[in-house]
Structures are given as C-alpha cells and as structure tokens.
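Input: a single structure, listed below in structure tokens.
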Amino acid sequence: MIKVLYPGSFDPITYGHMNIIEQACNLFDEVVVAVMHNSMKTGMFSTEEKVKLIEQLYKDNPKVHVVSSTGATIDLALKFNCKAIIRGLRTLSDFEYEIQLSQINKQLSQNRVNTISLFAESNLEHISSSMVKEILSLDKDISGYVDPIVEKAMKDKFKN
Ligand code: ADP
C-alpha cells in the first residue's frame, strides 16, 4: 500500500493540479492532497474553502484524501506515512526550486521521504491558479482551466 502526499496552495485547484492527481492515482494506492496554509499569503479562498472544493471534486474517488496544514510539508508526509511527496513541474524555474525543496525534504526526513515530479499533459502544463484568477478578473472565459464547481465558486467570490 503506497501512500503519497501532494501539497500545494490550490488557490484554487485547476485542471493542471487535477491532471497531476489523476496520474498519482494511477501510480499509487492513496493520494493525500494537502492544502498548505501560508500566513504570508492571502489567497482568494480560505483553507477551509479550498479543502471543501477539492473534497467535492473527489467525493467519488476513494483514493483521494484531503487535509490541510499550517506546518511543514515533511512533517505531514511523516504523519500520514507517505512514502513520497508529489510535485508537478511546469517550467524550468519550477525545476530549480523543486530540486532544492526535494533535497531539503530528503535531509529533514533522514532519507525517509523522497520527492516524485510529474508533468501535466502538455495542454494543461501552462495553467496556474494565479493565471486563472487574472483571466477571471479580465472577465474572460475560465472554463478550460478549472472544473465547473471551481468556476462557480470563483465567480461567486469575485462578485463579493
Ligand atoms: P501554484 O504555483 O499554481 O500556486 P500550487 O502550490 O497550488 O501552485 O501547486 C501545487 C503543486 O502543483 C506544485 O508542485 C505545482 O508545481 C504543481 N502544479 C500546479 N499547476 C500545475 C500544472 N498546470 N502542471 C503541472 N504541475 C502543476
């Protein structure tokens, strides 16, 4: 039984994130999606709202579990007995950052937790939460980037 952790800010979850989750589900037995709370960043959605959205999307997928944390990713991986941390790679700059992060997490866990990088399908790899928020703020169509549940939540948020 191999469990992995997929951490991120998910503000909000996009089809890019969902493609990484789908790949992880095909490879492993359980995927713990962790909404990481960063007190330095105020997002569009609260941590609780982000968790609820992801739970709704995966309510019929028993392999996906959603948690949230204010602490270190590595502590969460150890707490949930995850063998690896999943990260999605988009750009070369992602790669440079991720390689450092993976080395740190490996050291902090005394080699117990490795990082696995996955690539989204090419038509999805350019999608980022911040880009989708910007497109919505310009009153353009975001239906190609997020699930209808997320689109509705974003539009409701935006109106207020
Ligand atoms: P963002 O940088 O968009 O705020 P998150 O922190 O929510 O991203 O992302 C969590 C993880 O998912 C990170 O490893 C990030 O690189 C990855 N990811 C996000 N969007 C994509 C995408 N379109 N394709 C591949 N990986 C992605």
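Side chains are part of it too, since the values below use all heavy atoms of this structure and drop only hydrogens, waters and symmetry mates.
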* To do: Return yes if a side-chain donor-acceptor contact under 3.5 Å exists between N19 and Q23, otherwise no.
  => yes
* Asked: Does the side chain of N114 come under 3.5 Å of the side chain of K83 through a donor N or O and an acceptor N or O?
  ->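 Absent: no donor and acceptor within the cut-off.
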Are [X] and [Y] grouped together when hydrophobic residues (ILVMFWY) are joined by side-chain heavy atoms under 4.5 angstrom apart?
| X | Y | result |
| --- | --- | --- |
| M44 | I149 | yes |
| V33 | L124 | yes |
| I127 | L118 | yes |
| I20 | I116 | yes |
| L78 | I104 | yes |

Which heavy atom of [X] sits nearest a heavy atom of [Y], and at what distance?
| X | Y | result |
| --- | --- | --- |
| L89 | D94 | C-OD2, 3.9 Å |
| L53 | A153 | CD2-CB, 3.9 Å |
| A77 | L5 | N-CD2, 3.8 Å |
| E134 | S137 | O-OG, 2.6 Å |
| P148 | Y15 | CD-OH, 3.7 Å |
| A72 | M36 | C-CE, 4.2 Å |

Measure the spacing between [atom1] of [X] and [atom2] of [Y] and express it to the nearest 0.5 Å.
| X | Y | atom1 | atom2 | answer |
| --- | --- | --- | --- | --- |
| N111 | N105 | CG | CG | 12.0 Å |
| H126 | T91 | NE2 | OG1 | 13.0 Å |
| D156 | E151 | CG | CD | 10.5 Å |
| I74 | L108 | CD1 | CG | 6.5 Å |
| M18 | L57 | CE | CG | 4.5 Å |

* Please lay out, stage by stage, how I21 and N61 fare under the test side chain to side chain contact (heavy atoms under 4.5 Å, CB included). => CA-CA 11 Å; I21 294 172; N61 186 337; 5.8 Å; no
Taking the side chain as every heavy atom from C-beta outward, state whether [X] and [Y] have any pair of such atoms under 4.5 Å apart.
| X | Y | result |
| --- | --- | --- |
| M131 | Y145 | yes |
| I13 | K50 | no |
| V32 | L76 | no |
| P7 | I85 | yes |
| T47 | T70 | no |
| Y58 | V31 | no |
| M154 | P12 | yes |
| K52 | F45 | no |

* **K3 backbone acceptor or donor facing D29 side chain under 3.5 Å** => no
* Asked: Between R87 (side chain) and F95 (backbone), is there a donor-acceptor pair under 3.5 Å?
  ->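 No.
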* Run the salt-bridge test on K59 and E55 with the 4.0 Å N-O cut-off and return the result as yes or no. =>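 A salt bridge is absent here (no side-chain N lies under 4.0 Å from a carboxylate O).
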* Charged N to carboxylate O under 4.0 angstrom, D11 versus K133? -> yes
* To do: Begin with the C-alpha distance, continue with both residues' side-chain angles, and end with the deciding distance and a verdict on side chain to side chain contact (heavy atoms under 4.5 Å, CB included) for F28 and I86.
  => CA-CA 11 Å; F28 307 105; I86 299 293; 3.8 Å; yes
* From CA spacing to verdict: side chain to side chain contact (heavy atoms under 4.5 Å, CB included), L136, I142 -> CA-CA 6 Å; L136 180 65; I142 55 166; 4.1 Å; yes
* Going through the checks in order, is the side chain to side chain contact (heavy atoms under 4.5 Å, CB included) test met by V64 and C25? -> CA-CA 8 Å; V64 177; C25 282; 3.6 Å; yes
